[in-house]
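Encoded as structure tokens, the structure appears first; notes follow it.
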Amino acid sequence: TIGFVVIAQVDWLVAGRRRMMLHSITIKPTALIIADRAADQQLLEDTFADQGFHVLLADNGQAGIEIWAEKLKAIRFVVVDLGMATGDGLEVIRTIRIEENMATYIVALTDEATSFHPQDIVHDEVDAWIHKPIKSDQLAALLHTAKLHLRLHDVSDVLAGLTELAAERGGETAGHLQRTKRYCYILADDLRRHCPALGLTAERVQDIAEISVLHDIGKIGLPDGLLTKRGRYTPKEYEIIKDHTNIGGTLLGKMYQQSGSIYILLGYEIAMTHHEKWDGSGYPLGLQGENIPLPGRIMAFADAYDALLSR
């Protein structure tokens, strides 16, 4: 009888997992279209549906915000017509940007009568623009790009979560990650402004700061007992600890090879080289001077600075 109950429970759990898996496989991404012209709504809805989306419609900004607030955990794509008669399209976009808790891809619709244009809006408020009349093939291509964009955001979020786990296992806190992220931004931005020969852009400065939280992700591959050990490490244990740079670098290096993403490449350089030293006495590669990638040097400074302040 006991054996039957255990088997039945296992079967029920497996069946439950299968139900969850089937649900996650068949669920569709959700898009919200906020436009007041029936023809625009229909073309957008048809194109999104053809691309595998579940589509929600609103014919004015207030209705759109209400739908978005109710379904914000599901909606990742929003199309807003800036030429609506209500004139509240820009307000909708800014409300979503302020209140979103995950990356949302926002597309703005414009036409000759629209009073707003790209130069009138902050660069990070809108991800893409479509000028009417809408062409379904261009919209389909844009959606493909948008999916890749959001996927990169999701991968970054997953890596950030793993990094926090690695930090906790290593006795560090989320505060350390946020502080060093801020220091990396300050350092990189100062270099951008005062050392133009380095070629840093504002976007690259932001990328370095954001990806810096992955610097110790390799600690996820180290033995639990070693990370929580009190007292000094033996020489053998220290060699194992040092290997977190290779583990993290290898992980992000493989991701870079698969994606070609410069953002991931920055993460690879930081994870692999943030313990290198100017005189060549660091690890794991023993790089020296300017042979150490700039993101790694920035991270090394931020990490050491935070350690000094935290003593």
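Since the structure is predicted, the reported quantities are computational estimates derived from the model, not experimental observations. Side-chain atoms are counted along with the backbone in the values below, which use heavy atoms only and exclude waters and symmetry mates.
For the pair Ile65/Ile96, a side-chain contact is recorded, criterion being any heavy-atom separation below 4.5 Å from C-beta on. Side-chain atoms of Ile34 and Val79, non-hydrogen and from C-beta on, never get closer than 4.5 Å to each other. Counting heavy atoms from C-beta on, the side chains of Leu177 and His215 come closer than 4.5 Å. Trp68 is listed as a side-chain neighbour of Val78, based on a closest heavy-atom distance under 4.5 Å. Between Thr110 and Lys132 the shortest side-chain heavy-atom distance does not fall below 4.5 Å. The side-chain heavy atoms of Val107 and Val80, taken from C-beta on, include no pair separated by under 4.5 Å. Contact check for Ile134 versus Leu44: side-chain heavy atoms found under the 4.5 Å cut-off. Residues Leu287 and Thr273 are in side-chain contact: their nearest non-hydrogen atoms beyond the backbone lie under 4.5 Å apart.
The ring of Tyr256 has its center no closer than 6.0 angstrom to the ring center of Tyr268.
In summary, Asp154 and Lys147 do not engage in a salt bridge, as defined by a charged side-chain N under 4.0 Å from a carboxylate O. Here Lys181 does not pair with Asp306 in a salt bridge; the nearest charged N to carboxylate O distance is not below 4.0 Å.
Note on Met102: it does not cluster hydrophobically with Leu72, by side-chain heavy-atom contacts below 4.5 Å among ILVMFWY residues.
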*Given the rule in the side-chain contact (heavy atoms from CB on, under 4.5 Å) test, do Leu294 and Leu200 qualify, once you have shown the distances and angles that lead to the verdict?*
CA-CA 10 Å; Leu294 182 60; Leu200 286 169; 4.0 Å; yes

*For His144 and Leu148, run side-chain contact (heavy atoms from CB on, under 4.5 Å): C-alpha distance rounded to whole Å, both residues' side-chain angles, the deciding distance at 0.1 Å, then the answer.*
CA-CA 7 Å; His144 177 70; Leu148 294 177; 3.9 Å; yes

*asked:* Assess the residue pair Arg94 and Asp88 against the criterion (salt bridge (Lys or Arg N to Asp or Glu O under 4.0 Å)); give the C-alpha distance rounded to whole Å, side-chain angles, the decisive distance to 0.1 Å, and a yes or no.
replied: CA-CA 10 Å; Arg94 288 177 173 165; Asp88 55 359; over 6 Å; no

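Side-chain atoms of Glu237 come within 3.5 Å of backbone atoms of Thr234 as a donor-acceptor pair (strictly under, hydrogens ignored). A donor-acceptor distance shorter than 3.5 angstrom exists from the side chain of His194 to the backbone of Asp190, with no hydrogens or angles considered. Lys254 places no side-chain N or O within donor-acceptor distance of the main-chain N or O of Gln257, the cut-off being under 3.5 Å. A donor-acceptor pair under 3.5 Å links the side-chain atoms of Gln41 to the main chain of Ala35, judged by distance alone.
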What pairs of donor and acceptor atoms, side-chain ones from residues 243-252 against any protein atom, are under 3.5 angstrom apart with sequence neighbours left out?
{"residue": "Asp243", "atom": "OD1", "partner": "Asn246", "partner atom": "ND2", "Å": "3.2"}
{"residue": "His244", "atom": "ND1", "partner": "Ile241", "partner atom": "O", "Å": "2.7"}
{"residue": "His244", "atom": "NE2", "partner": "Asp216", "partner atom": "OD1", "Å": "3.0"}
{"residue": "Thr245", "atom": "OG1", "partner": "Lys242", "partner atom": "O", "Å": "2.8"}
{"residue": "Thr250", "atom": "OG1", "partner": "Asn246", "partner atom": "O", "Å": "2.7"}

Show me the donor-acceptor pairs within less than 3.5 Å that the side chains of residues 52-63 make with the rest of the protein, sequence neighbours left out.
{"residue": "Asn60", "atom": "OD1", "partner": "Gln62", "partner atom": "N", "Å": "3.1"}
{"residue": "Asn60", "atom": "OD1", "partner": "Ala63", "partner atom": "N", "Å": "2.8"}
{"residue": "Gln62", "atom": "NE2", "partner": "Glu66", "partner atom": "OE2", "Å": "3.2"}

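Using modelled atom types and a 3.5 Å distance limit, the side chains of Thr104 and Glu100 yield a donor-acceptor pair.
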